[in-house]
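The first residue of the sequence shown is numbered 1, and numbering continues consecutively from there.
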Amino acid sequence: MKTSPLAIAIGLSLFLTACTTASLRPDTTELQSELAEISPAARLPSGTGSVDLTAPLTPERAVQVAFANNPQVRAALARLDAIQAERVQAGLISNPMGSLMALRPEGGGRFQLEVGLMQSLYDVFARSRRVAVADAEAQRREAEVLSELVTLAQDTRSALVQAWFAEQALALERQRLAVDVEASRFTQRQAAQGAVSSREQLAQQAAVASQAHAVSVAELDLATARSRLARMLGLSSATGVILPAELATPELANLQTPEWQAWAAQHRPEGRLAQAQIETARAQRTANRGALRATQPSAGVAGMRESDGMAFQGLAIQITLPVFDTGQARRALADAQVAEAEHQAEAVQRRISLDVEQALATVVIAQEAAAHAEHHLRLQRQLEELAGRTYQNGIGDRGEFRQATRNRLMAVQDDLTARQRLWTSLLELESASAREEGTATTPP
C-alpha cells in the first residue's frame with residue numbers, strides 16, 4: 001500500500017507543529033518588576049542563601065527576610081512553573097489516532113485488512129484559540145500570584161509594626177507596675193507608723209495586683225505578635241527575632257486623592273486580576289464559536305485490502321453533525337461570562353477608588369490625633385519635671401509627684417495608641433493604594 005506525497009506532507013507538518021514547544025521555565029522578570037513597584041523591598045529568591053537575623057529588623061528588611069526565607073514564596077514560584085507548563089501544553093496538537101481492523105472470512109482464507117490514520121483538524125486550526133485562552137488564563141493566575149506576594153509583603157510589615165508596639169506597650173505596663181510597687185512599699189512603711197489605714201494599704205496592694213495582671217496580658221500580646229511575625233518571616237521559632245529600638249512613622253508629603261487613586265487603579269493586583277478575567281472570558285468565547293467548534297472535523301489517510309487481494313487507499317474525513325447541539329447555549333454562556341467579568345471589573349475599580357479615599361481620610365485624622373497626643377505628652381512631662389523639682393525642694397508632696405508620674409505614663413499610653421493607629425492607617429493606605437511608604441512617601 002503506497003502513501004501519497006500529500007499524506008506525507010500533512011503528516012510531517014502536523015508532527016513538526018505538535019513538537020514545537022516553548023521553554024518550560026517561566027521568566028520572572030516582569031513579575032519582579034511589578035512587585036518592586038508595589039513593594040520596593042520585595043525580591044524574589046534566586047538561591048538558597050542563609051538569612052541573617054542578627055541585626056534588628058526594619059519594615060523593609062523584614063520584607064526582604066520574608067521573601068528570602070518564607071516557603072510560601074517558593075510555592076508561588078512553583079505555581080508559575082505549572083502555569084508555563086500549561087501554556088506549552090495548550091499549544092500542542094493532539095496525537096493522531098491509528099486504527100487497524102483484520103477480518104478473516106468464515107471458513108478460512110486471507111485476512112481483510114483496514115488501516116487508518118486520523119488527525120483532528122479542529123485541534124490544528126483551533127491551536128491559536130487554545131493558546132489565546134491559555135495565555136489569558138496564565139495572566140489571570142499570574143495576577144493571583146502577584147496578589148499573594150503583595151499580601152505577604154504587606155502582612156509582614158504589619159506584623160513587624162504590631163510586634164514593635166506590643167513590645168512598647170509591655171515596657172509601659174512594666175513602668176506602671178514599678179510605680180505601683182514603689183507606692184505600695186511607701187504605704188506599707190506609713191501603715192507601720194500608723195500614718196495610713198489598713199484600707200489604704202489594701203487598696204494599694206490591689207492596684208499592684210491589677211497592674212501585674214496588665215503586665216501579663218501585655219506579655220501574652222507580645223508573644224502572639226512575635227509568633228505572627230516569625231510566621232510571616234518563614235521561621236520555625238520567634239526567639240531569634242530582634243525588633244528595632246525605634247520605629248519612625250512615615251510622613252506623607254502628598255495627600256491628593258486623585259493621584260493616589262490613579263496609582264492604585266494601575267497597580268492594585270485586584271484590578272489586574274479583574275482585567276485578566278475579562279480577557280480569559282473573551283478568549284473562551286472566541287474559542288467556543290465558529291464552524292470548527294460545531295463540526296470538529298478530522299482528516300487522515302485510510303487503506304483497505306480485501307480478502308481477494310484487491311487494495312484501496314485514499315483520504316478519510318470525519319465531522320460532527322451539529323444536529324442537536326448547535327452551539328447556541330455555549331455562545332450564550334460565553335457572552336454571560338464576559339458580561340459578568342466586565343461588571344466585576346467595574347465593581348473592583350470603584351471599590352479601589354473608595355478604598356483609597358477612605359484610607360487617605362483616615363490617615364489625615366490619625367495624623368491630627370497623633371499630633372495632639374504628642375503635644376499632651378510634652379505637657380505632662382513638663383508637669384512631672386515641675387512636680388519633681390517641687391518635691392525635691394520640700395515644697396510639694398510625694399503623692400503629687402507620684403500622681404504626676406502616673407499622668408505622664410497615661411500620656412505615654414495615649415501617644416503610643418495614637419502612633420499605632422497612625423501606623424495602622426498608613427498600612428491600610430499601602431494596601432488600598434498598592435504602594436509602600438517606607439521607601440517613597442508619594443506616588444509618582
* For V133 and A287, which heavy atoms make the closest approach, and how far apart are they? -> CG2-CB, 4.0 Å

* **Gap separating the OG1 atom of T58 from the CZ atom of R157, nearest 0.5 angstrom** => 9.0 Å

* To do: For the residue pair L315 and V301, establish whether any side-chain heavy-atom pair is separated by less than 4.5 Å.
  => yes

Distance-only check: which donor-acceptor pairs under 3.5 Å involve side-chain atoms of residues 233-246, not counting sequence neighbours?
from, atom 1, to, atom 2, distance (Å)
S237, OG, T239, N, 3.3
S237, OG, T239, OG1, 3.0

* Structure fact -> In this structure, CG of L273 is separated from OG1 of T280 (nearest 0.5 Å) by 9.0 Å

* To do: Please name all residues satisfying side chain to side chain donor-acceptor pair (under 3.5 Å) with Q266, sequence neighbours left out, ordered by chain then number.
  => none

* Is a donor on one side and an acceptor on the other found under 3.5 Å between the side chain of S33 and the backbone of T29? -> no

* So, for A264 and I352, which heavy atoms are closest and what is the spacing to 0.1 Å? -> CB-CG2, 3.6 Å

* To do: Decide if atom CD of E182 counts as having more than 12 heavy atoms of other residues, nucleotides or ligands within a radius under 6.0 Å.
  => yes

* Asked: Can you name the residues that form a side chain to side chain donor-acceptor pair (under 3.5 Å) with R419, not counting sequence neighbours?
  -> none

* **Worked verdict on N407 versus Q403 for side-chain hydrogen bond (donor to acceptor under 3.5 Å, both in side chains)** => CA-CA 6 Å; N407 293 338; Q403 184 60 41; 3.1 Å; yes

* Asked: Between L416 and A169, what is the shortest heavy-atom contact and its length?
  -> CD2-N, 3.7 Å

* Nearest-0.5 Å distance that lies between atom CG in L100 and atom CG in L117 -> 12.0 Å

* Partners of H376 by ring pair (Phe, Tyr, Trp, His ring centres under 6.0 Å), sequence neighbours excluded? -> none

* Does S147 offer a backbone N or O that forms a donor-acceptor pair with the side chain of T151 under 3.5 Å? -> yes

* Taking only residues two or more places apart in sequence or in another chain, which ones pass side-chain contact (heavy atoms from CB on, under 4.5 Å) with A276? -> Q139, R140

* Can you see which heavy atom on A163 is nearest to which on L222, and at what distance? => O-CD1, 3.6 Å

* Whether R435 side chain and A432 backbone form a donor-acceptor pair below 3.5 Å -> no

* Asked: Where is the tightest heavy-atom contact between A387 and F401, given as atom of each residue plus distance?
  -> C-CD1, 3.8 Å

* For R331, salt bridge (Lys or Arg N to Asp or Glu O under 4.0 Å) partners two or more places apart -> none

* Are E357 and T257 close enough, and set up right, to give a side-chain hydrogen bond (donor to acceptor under 3.5 Å, both in side chains), and what steps lead you there? -> CA-CA 6 Å; E357 182 183 66; T257 302; 6.0 Å; no

* Hey, does the side chain of N288 reach the backbone of Q284 with a donor-acceptor pair shorter than 3.5 angstrom? -> yes

* To do: Look up atom CG in L360 and atom CD in E259, then write down how far apart they are to the nearest 0.5 Å.
  => 10.5 Å

* **Sidechain-backbone polar pair: T417 side chain, Q413 backbone, donor-acceptor under 3.5 Å** => yes

* For S184 and Q205, does a side-chain donor sit closer than 3.5 Å to a side-chain acceptor? -> no

* To do: Identify the residue among Q175, E400, E384 that makes a side chain to side chain contact (heavy atoms under 4.5 Å, CB included) with T405.
  => E384

* Check: Q211 side chain, D180 main-chain N or O, donor-acceptor pair, under 3.5 Å -> no

* Asked: How far does CG of L44 sit from CG of L149, to the nearest 0.5 angstrom?
  -> 6.5 Å

* To do: Could you walk me through whether L427 and Q154 pass side-chain contact (heavy atoms from CB on, under 4.5 Å), step by step?
  => CA-CA 7 Å; L427 292 173; Q154 294 171 347; over 6 Å; no

* With a 4.5 Å heavy-atom cut-off, do V73 and P45 have their side chains touching? -> yes

* Structure fact -> In short, salt bridge (Lys or Arg N to Asp or Glu O under 4.0 Å) pairs touching residues 261-278 with sequence neighbours left out are E34-R272, E142-R272, R268-E270, R268-D355

* Determine whether more than 12 heavy atoms belonging to other residues, nucleotides or ligands lie under 6.0 Å from atom CD of E30. => no

* To do: Provide the full list of salt bridge (Lys or Arg N to Asp or Glu O under 4.0 Å) pairs with a residue in residues 359-382, sequence neighbours left out, each pair given once.
  => E374-R378

* Asked: Are side-chain heavy atoms of M232 and L160 found at a separation under 4.5 Å?
  -> no

* Asked: Going through the checks in order, is the side-chain contact (heavy atoms from CB on, under 4.5 Å) test met by L379 and H375?
  -> CA-CA 6 Å; L379 295 177; H375 179 64; 3.6 Å; yes

* Sorted by first residue and then second, give each side-chain hydrogen bond (donor to acceptor under 3.5 Å, both in side chains) pair with at least one member in residues 217-233; sequence neighbours left out. => R174-E219

* Do Q420 and Q168 come close enough that some side-chain heavy atom pair is under 4.5 Å? -> no

* Side-chain (S39) to main-chain (L35) donor-acceptor, under 3.5 angstrom -> no

* To do: Check the pair V179 / L409 against side-chain contact (heavy atoms from CB on, under 4.5 Å), numbers first and verdict last.
  => CA-CA 10 Å; V179 172; L409 292 177; 3.9 Å; yes

* Asked: Just wondering, do R176 and R406 contact through their side chains at under 4.5 Å, heavy atoms?
  -> no

* Please check if atom CE in M410 has more than 12 non-hydrogen atoms from other residues, nucleotides or ligands closer than 6.0 Å. => no

* Start with the C-alpha distance between E144 and R79, add both sets of side-chain angles, then the distance that settles side-chain contact (heavy atoms from CB on, under 4.5 Å), and finish with yes or no. => CA-CA 10 Å; E144 292 178 347; R79 281 198 295 277; over 6 Å; no

* Answer yes or no: are there more than 12 heavy-atom neighbours, outside R61 itself, under 6.0 Å from its atom CZ? => yes

* Nearest 0.5 Å, what's the CG-CD distance between D135 and E86? -> 12.0 Å

* To do: Check whether any side-chain heavy atom of P297 sits under 4.5 Å from a side-chain heavy atom of T320, and report yes or no.
  => no

* Structure fact -> Looking only at heavy atoms, the pair that brings W423 and P59 closest together is CH2-CG, 4.4 Å

* Asked: Among pairs that include at least one residue of residues 336-345, which meet salt bridge (Lys or Arg N to Asp or Glu O under 4.0 Å), considering only residues two or more places apart or in two chains?
  -> R282-E342

* Would you say the side chain of I93 lies within less than 4.5 Å of the side chain of R130, judging by non-hydrogen atoms? -> yes

* Any side-chain heavy-atom pair from L152 and V63 closer than 4.5 angstrom? -> no

* Asked: Taking R87 for the side chain and A138 for the main chain, is one N or O donor matched with an acceptor at less than 3.5 Å?
  -> no

* Structure fact -> Hits for salt bridge (Lys or Arg N to Asp or Glu O under 4.0 Å) against D335, two or more places apart or cross-chain, chain-then-number order -> R285, R289

* Sorted by first residue and then second, give each ring-ring contact (aromatic ring centres under 6.0 Å, His included) pair with at least one member in residues 265-289; sequence neighbours left out. => W263-H267

